[in-house]
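Below is one structure; the comments refer to it alone.
Lettering of chains follows the sequences in order, A, B, ..., and the numbering in each one begins at 1.
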Protein chains: 2
Amino acid sequence: MARAGLTTERLVRAGAELADEVGFEQVTVSALARRFDVKVASLYSHLKNSQDLKTGIALLALEELADRAAHALAGRAGKDALAAFANVYRDYAREHPGRYAAAQLRLDPQTAAASAGVRHAQMTRAILRGYDLTEPDQTHAVRLLGSVFHGYVSLELGGGFSHSAPDTEETWTRIVDALDALLRNWPAP
Amino acid sequence: MARAGLTTERLVRAGAELADEVGFEQVTVSALARRFDVKVASLYSHLKNSQDLKTGIALLALEELADRAAHALAGRAGKDALAAFANVYRDYAREHPGRYAAAQLRLDPQTAAASAGVRHAQMTRAILRGYDLTEPDQTHAVRLLGSVFHGYVSLELGGGFSHSAPDTEETWTRIVDALDALLRNWPAP
DNA sequence: TGCAACTACCTAAAGCTTTTAGGCAAGCCC
DNA sequence: GGGCTTGCCTAAAAGCTTTAGGTAGTTGCA
């Protein structure tokens with residue numbers, strides 16, 4: 001009986017692919033076992049439980065997103081950086097809807113603190129260095145940008161905008177324009 | 001054997017309460033049957049299937065949210081209306097996290113079109129009448145507002161902001177201020 | 001090279017959820 | 001009060017999760 005060569009890493013990676021194909025909700029230990037043509041119980045040597053798998057996929061997604069964002073930000077500043085950053089989120093969600101859904105998983109505080117989520121916040125802050133904001137306005141702005149990107153992408157992904165004209169492409173660039181304008185003229189309290 | 005007096009309406013309503021108590025993910029036909037002290041199969045006379053229950057909760061949540069928003073908007077305009085609208089979302093999500101999560105459920109196009117989701121879009125447009133935007137900028141702005149409110153609330157609910165100072169209360173009002181400023185000075189293409 | 005230890009994958013089993021099919025009896029309608 | 005509708009039941013099949021304990025492939029060391 002040949003061994004399948006399972007490792008936690010391979011399982012999480014395959015789980016991420018599965019998520020993109022059938023949706024994050026449908027990712028199950030059973031489905032994953034089927035994919036490796038292996039009995040379900042075998043996976044429990046590599047995964048603590050089902051939640052462990054989902055968390056693993058979420059962490060992978062956060063990492064991939066942060067890597068892409070870091071790459072996109074290199075050598076850019078101001079509005080250029082803002083647009084590049086925004087596009088990374090949107091493109092990733094379109095290419096990997098299951099992984100993106102995974103990245104929204106609620107992590108317990110320790111896991112979250114050790115995740116690539118921290119890098120995301122740092123990069124957002126780096127973008128804001130191109131605008132003239134002082135604390136605590138910078139923090140407010142970090143949260144605004146996070147909200148807009150996450151909110152827009154998840155509404156678009158969920159089909160929230162699909163019924164109406166004009167197309168979402170145009171809206172996306174206009175929203176980035178608007179955010180840039182807002183950050184350059186951030187209102188005093 | 002006394003009858004429990006089940007109806008689809010009562011089941012959906014109880015499902016919504018269950019969602020708020022244990023989380024929308026944990027809402028299951030079995031748990032609902034337990035709550036009514038009734039056998040699981042009995043619920044299938046009133047619900048087509050498990051998805052049907054979840055959809056019902058989502059529609060209920062959308063309706064409740066729209067009702068609250070309509071009430072809050074009555075007699076207000078401009079920034080006042082914007083802030084009231086925003087607070088409805090945030091407060092509802094805090095009071096009814098399970099229902100709010102349900103409202104994010106992806107509905108099939110027909111169900112979505114018949115849902116209270118349409119009223120939400122109409123109300124957002126009504127708020128924008130207080131600002132000087134023409135089509136298609138109004139549509140872009142509708143989408144921006146939807147993104148910010150949804151994004152902010154779901155990040156806050158998911159604990160995304162919980163680690164850092166300053167507190168989210170302050171951020172929320174500053175974001176509403178910022179949106180108001182942005183809508184009054186919406187950048188030309 | 002051969003044996004011991006390790007570990008990857010297995011079988012078995014219990015408990016939970018979903019869903020369908022068919023049955024009995026409660027409550028309304030005359 | 002007798003019949004009809006229908007609300008809730010039992011039974012059963014199928015899928016997912018998780019644990020316990022067994023077997024065989026692989027590695028490492030003498």
Side-chain angles (χ1 to χ4, degrees), chain A residues 1-60 98-99 101-102 104-108 111, chain B residues 1-60 98-99 101-102 104-108 111:
Chain A
M1 238 173 253
R3 299 194 173 189
L6 306 182
T7 65
T8 303
E9 159 107 25
R10 281 193 68 196
L11 289 175
V12 167
R13 210 162 282 284
E17 284 165 27
L18 189 58
D20 287 336
E21 289 166 26
V22 304
F24 184 59
E25 307 287 281
Q26 319 303 322
V27 171
T28 151
V29 181
S30 296
L32 203 54
R34 247 174 267 130
R35 173 163 290 219
F36 280 96
D37 202 25
V38 136
K39 297 296 168 185
V40 191
S42 307
L43 302 202
Y44 281 83
S45 311
H46 307 279
L47 303 170
K48 231 175 75 250
N49 51 37
S50 168
Q51 188 57 37
D52 197 41
L53 170 63
K54 288 179 183 158
T55 304
I57 299 174
L59 293 176
L60 173 66
R99 283 155 147 102
Q104 257 54 70
L105 190 68
R106 205 193 190 315
L107 301 173
D108 62 285
T111 314
Chain B
M1 240 173 252
R3 299 196 174 189
L6 306 182
T7 65
T8 303
E9 159 107 24
R10 280 193 67 197
L11 289 176
V12 168
R13 208 162 283 282
E17 284 165 27
L18 189 58
D20 287 335
E21 289 166 26
V22 303
F24 184 58
E25 307 287 280
Q26 319 302 322
V27 172
T28 150
V29 181
S30 296
L32 204 53
R34 248 174 266 132
R35 173 162 289 219
F36 281 96
D37 203 25
V38 137
K39 296 296 168 186
V40 191
S42 306
L43 302 201
Y44 282 82
S45 311
H46 307 279
L47 304 170
K48 231 176 74 251
N49 51 36
S50 168
Q51 189 57 36
D52 197 40
L53 170 62
K54 289 178 181 159
T55 304
I57 299 174
L59 293 176
L60 173 66
R99 284 156 148 101
Q104 258 54 71
L105 189 70
R106 206 194 190 313
L107 301 172
D108 61 287
T111 313

Quick one: [X] [atom1] to [N] [atom2], roughly how many Å, whole number?
X	N	atom1	atom2	result
B/Gln26	C/dT18	CD	P	11 Å
A/Leu47	D/dT19	CG	P	12 Å
B/Asp37	D/dG7	CG	P	19 Å
B/Leu43	D/dC8	CG	P	9 Å
A/Tyr44	C/dT11	OH	C1'	16 Å
B/Leu53	C/dT18	CG	P	9 Å
B/Gln51	C/dT17	CD	P	18 Å
A/Glu25	C/dT18	CD	P	14 Å

Taking the side chain of [X] as heavy atoms from C-beta outward, which of [options] is closest to it?
X	options	value
A/Ala41	D/dA20, D/dA11, D/dT17	D/dA20
A/Lys39	C/dT18, D/dT17, C/dC10	C/dC10
B/Val40	D/dT18, C/dC9, C/dT18	C/dT18
A/Leu6	C/dC9, D/dT18, C/dT19	C/dC9

Problem - Whether B/Arg10 side chain and B/Gly5 backbone form a donor-acceptor pair below 3.5 Å - result: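 At least one qualifying donor-acceptor pair exists.
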
Exercise for the section: Under 4.0 Å between any heavy atoms, over every strand shown, what does A/Ser45 touch: base, sugar-phosphate, or nothing? Just pick one. Expected result: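 It contacts base atoms.
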
Practice task
Tell me what A/Ala31 touches on the nucleic acid: a base, only sugar-phosphate, or nothing, going by heavy atoms under 4.0 Å.
Solution key: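 Since no nucleic acid heavy atom lies under 4.0 Å of A/Ala31, the category is nothing.
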
Problem - Neighbour count above 12 (heavy atom, 6.0 Å) for B/Asp108 CG - result: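 Yes, the 6.0 Å shell around CG holds more than 12 heavy atoms from other groups.
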
Using only side-chain N and O atoms of [X], determine if any of them is under 4.0 Å from OP1 or OP2 of [N].
X	N	result
A/His46	C/dT7	no
B/Ser50	C/dT18	yes
A/Thr28	D/dG15	no
B/Ser42	D/dC9	yes

Handout entry: 5' precedence on DNA chain D between A/Arg34 and B/Val38 (nearest-nucleotide basis)
Key =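 Going by which nucleotide is closer to the 5' end, it is B/Val38.
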
Handout entry: Electrostatic pair A/Arg106:B/Glu25 at N-O distance under 4.0 angstrom
Key =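 Not counted as a salt bridge, because no side-chain N and carboxylate O are separated by less than 4.0 Å.
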
Problem - Pair B/Glu17 + B/Arg13, salt bridge at N-O below 4.0 Å - result: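 Not counted as a salt bridge, because no side-chain N and carboxylate O are separated by less than 4.0 Å.
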
Exercise for the section: Decide side-chain contact (heavy atoms from CB on, under 4.5 Å) for A/Leu32 and A/Val38; before the verdict, give the C-alpha distance in whole Å, the side-chain angles of both, and the deciding distance to 0.1 Å. Expected result: CA-CA 9 Å; A/Leu32 203 54; A/Val38 136; over 6 Å; no

